[in-house]
Amino acid sequence: MANDYIVKDINLADFGRKELDIAETEMPGLMALREEFGESKPLAGSRIVGSLHMTIQTAVLIETLVALGADVRWASCNIFSTQDHAAAAIAAGGTPVFAIKGQSLEEHWDYLDKSFMFPEGPNLILDDGGDATLYILLGARIEGGEEFGVATSEEEVAIQAQIKKRMEASPGWFTKMRDQIKGVSEETTTGVHRLYDLVKKGQLPFPAINVNDSVTKSKFDNKYGCKESLVDGIRRATDTMMAGKVAVVMGYGDVGKGSAASLRGAGARVKVTEVDPICALQAAMDGFEVVLLEDALSTADIFITTTGNKDVIRIEHMREMKDMAIVGNIGHFDNEIQVAALKNHKWTNIKEQVDMIEMPSGNRLILLSEGRLLNLGNATGHPSFVMSASFTNQVLAQMELWTNNDAYNNEVYILPKHLDEKVARLHLDRIGVKLSKLDKEQADYIGVSPDGPFKPEHYRY
Ligand code: NAI
């Protein structure tokens, strides 16, 4: 179909292609998979719907899936994260993509709907945060007679409206889509929580691979990725001097660890809040002061949520913050900060994805990306190299679901450790890492094979 895409400006394709060429040099895992499987095309016959930030790195992922034989259609999983030149390059290359930086919530669900429109429908989902899976499964349950709950957020209003629209246009469509999907691979912590929840409720109708919990994903992208991209986002948004400022990081999981390290690396004095005693102890022993948010409100300059939880920064917190405090979120969804409660305040837009909000006291807040993940809204997300590790897991997961589908039940799986180690191995040469080799006796002594896996399943890294 001609022009089967929605991008900001197709003329940005040349710029996108140049950046893609550079990114490829930093994504050795994906390029190695092209080399290994480009001829045998294990994904031939697969039709993959992707719902994941439409960045330059994702463009390399998409072109890898295509090189391995997949038919692909793509939408972004966030209204602010698209890099328009990346989307243009993918569209110009002939893969349908529906993503514009700054699209509305209504467009978000409409574009996701469009990404399902293969002539024969898709058979695999590649998800980030679970929106594509939610769209199909919620729609199918509504078709099956379930009622929508009362919408409590703009997001829910938008998805319900889109589902109703699709049901009117094509009765039975969601059920048909659900029944032909062979599996989903999920990128992030929040989406993985949703999948385990579906299993608990007996509502997961196909196998899922939890890519997030590959060691070479969450212990790298979530941590080292945020270490680079958090401060990048704050700087591009505000140009504020980071050194000497007091920053509070809420949550000390993988993203929190990277975020706290990012701010410390820039010279900020970093405090951490946690609810989990293990993570709180880790933060303290990494040298961070672990505090209650309430006790840091009037003294901190920068507040960053990393929890994947909701209502972490609430309106009563924002009322106590000092003038020109910077407030942002790097977790997946925008409900970590009670942005809706700020809507009746005076907003002054400074530039795209940066707003100044006047509080009743007269103090102003700088809110980044309207509370959506700021490293992708205000900057360009994680660097290519770390995304190569994440996306190599994604491609391996899609290959598993496509070529070995019968081996999986309708549960959530993690890729086997030998593949996790393979992903790491593929990234060593690029940064000059020399790997030592176990001899047979040493391997026997610690009870592993000289070629790995090198750790038992329960090892935590
Ligand atoms: P995690 O589960 O490792 O860490 C979250 C931490 O937040 C936990 O230690 C938990 O105890 C803590 N927490 C929960 N509620 C809290 C509260 N009210 N106050 C203080 N701490 C609280 O999860 P992970 O992998 O760090 O992911 C966090 C979020 O970031 C998820 O939404 C995930 O999808 C997203 N993510 C974002 C990325 C980005 O590039 N922006 C990259 C990877 C993940």
(message) Assess the residue pair Q57 and S384 against the criterion (side chain to side chain donor-acceptor pair (under 3.5 Å)); give the C-alpha distance rounded to whole Å, side-chain angles, the decisive distance to 0.1 Å, and a yes or no.
(response) CA-CA 6 Å; Q57 294 70 33; S384 301; 3.0 Å; yes
(message) To the nearest 0.5 Å, what is the distance between CZ on R73 and CD1 on I90?
(response) 14.0 Å
(message) Set out, in order, the CA-CA distance, both residues' side-chain angles and the distance that settles side chain to side chain donor-acceptor pair (under 3.5 Å) for S51 and D131, then state yes or no.
(response) CA-CA 7 Å; S51 166; D131 277 359; 5.5 Å; no
(request) Looking only at non-hydrogen atoms, find the nearest pair between L373 and G331 and report the distance. (result) CB-O, 3.4 Å
(request) Please check if the side chain of E411 supplies one atom and the backbone of V199 the other of a donor-acceptor pair under 3.5 Å. (result) no
(request) With the side chain counted from C-beta on, respond yes when F391 and V60 share a heavy-atom pair under 4.5 Å apart, and no when they do not. (result) no
(message) Regarding K165 and E106, does a basic nitrogen lie under 4.0 Å from an acidic carboxylate oxygen?
(response) no
(message) Are more than 12 heavy atoms, taken from residues, nucleotides or ligands other than E35, located less than 6.0 Å from that residue's CD atom?
(response) no
(request) Measure the NZ-CE distance between K101 and M54 for me, rounded to the nearest 0.5 Å. (result) 13.0 Å
(message) For a quick check under 3.5 Å, do H427 and S388 share a side-chain donor-acceptor pair by atom type?
(response) yes
(message) Please verify the inter-ring angle class for Y408 with Y413; under 30° counts as parallel, over 60° as perpendicular, anything in between as tilted.
(response) perpendicular
(request) Would you kindly say whether T58 and T55 are connected by a side-chain donor-acceptor distance under 3.5 Å? (result) yes
(message) Testing L401, D71, L126 one by one against I48 for a side-chain contact (heavy atoms from CB on, under 4.5 Å), which residue passes?
(response) L126
(message) Counting only heavy atoms not in Q203 (residues, nucleotides, ligands), do more than 12 fall under 6.0 Å from its CD?
(response) yes
(request) In sequence, state the C-alpha distance, the side-chain angles, and the governing distance for R194 and T190, and then conclude on side chain to side chain donor-acceptor pair (under 3.5 Å). (result) CA-CA 7 Å; R194 281 181 168 181; T190 287; over 6 Å; no
(request) Could you tell me if the ring centre of F174 sits under 6.0 Å from that of Y135? (result) yes
(request) Verify the neighbour count for atom CZ of R178: are there more than 12 heavy atoms of other residues, nucleotides or ligands below 6.0 Å? (result) yes
(request) Give the intermediate values and the outcome of salt bridge (Lys or Arg N to Asp or Glu O under 4.0 Å) for residues E107 and K8. (result) CA-CA 13 Å; E107 286 163 341; K8 180 154 190 212; over 6 Å; no
(message) What verdict does the side chain to side chain donor-acceptor pair (under 3.5 Å) test give for S218 and N212, after you've listed the backbone C-alpha separation in whole Å, the side-chain angles of each residue and the deciding distance to 0.1 Å?
(response) CA-CA 5 Å; S218 48; N212 183 68; 4.5 Å; no
(request) Return the minimal non-hydrogen interatomic distance between P28 and L426, and the atom names on each side. (result) CB-O, 3.6 Å
(message) So for atom NZ, which belongs to K440, do other residues, nucleotides or ligands contribute more than 12 heavy atoms lying within a distance under 6.0 Å?
(response) no
(message) Check K18 with D14, please: is the shortest side-chain N to carboxylate O separation under 4.0 Å?
(response) no
(request) Return yes when atom NZ of K227 has more than 12 non-hydrogen atoms of other residues, nucleotides or ligands closer than 6.0 Å, and no otherwise. (result) no
(request) Kindly give the heavy-atom pair with the smallest separation between W74 and V72, and that separation in Å. (result) CE3-CG1, 3.4 Å
(message) What I'd like to find out is whether the side chain of M387 reaches to under 4.5 Å of the side chain of M27, using heavy atoms alone.
(response) yes
(message) Can you tell me if I431 has over 12 outside heavy atoms packed within less than 6.0 Å of its CD1?
(response) yes
(message) Between the side chains of K223 and D254, is the shortest nitrogen-to-carboxylate-oxygen separation below 4.0 Å, so that they form an ion pair?
(response) no
Distance-only donor-acceptor pairs under 3.5 Å for side chains of residues 450-461, two or more places apart:
unit_1 : atom_1 : unit_2 : atom_2 : d
D451   : OD1    : K437   : NZ     : 3.2
Y461   : OH     : K417   : NZ     : 3.1

(message) Salt bridge or not between R372 and E155? Use side-chain N to carboxylate O under 4.0 Å.
(response) yes
(message) Exactly one of S76, S185, C77 should register a side-chain contact (heavy atoms from CB on, under 4.5 Å) with D128. Which one does?
(response) C77
(request) Could you grab the distance from atom CZ of R236 to atom CG of N378, nearest 0.5 Å is fine? (result) 9.5 Å
(request) Inspect the contact between K217 and D213 and indicate whether a charged nitrogen and a carboxylate oxygen are less than 4.0 angstrom apart. (result) no
(message) Looking at K41, I want to see if its NZ is surrounded by more than 12 non-hydrogen atoms of other residues, nucleotides or ligands under 6.0 Å.
(response) yes
(message) Does E146, at its CD atom, have more than 12 non-hydrogen atoms belonging to other residues, nucleotides or ligands within less than 6.0 Å?
(response) yes
(request) Would you check if I234 and I302 make a side-chain contact, meaning some heavy-atom pair closer than 4.5 Å? (result) yes
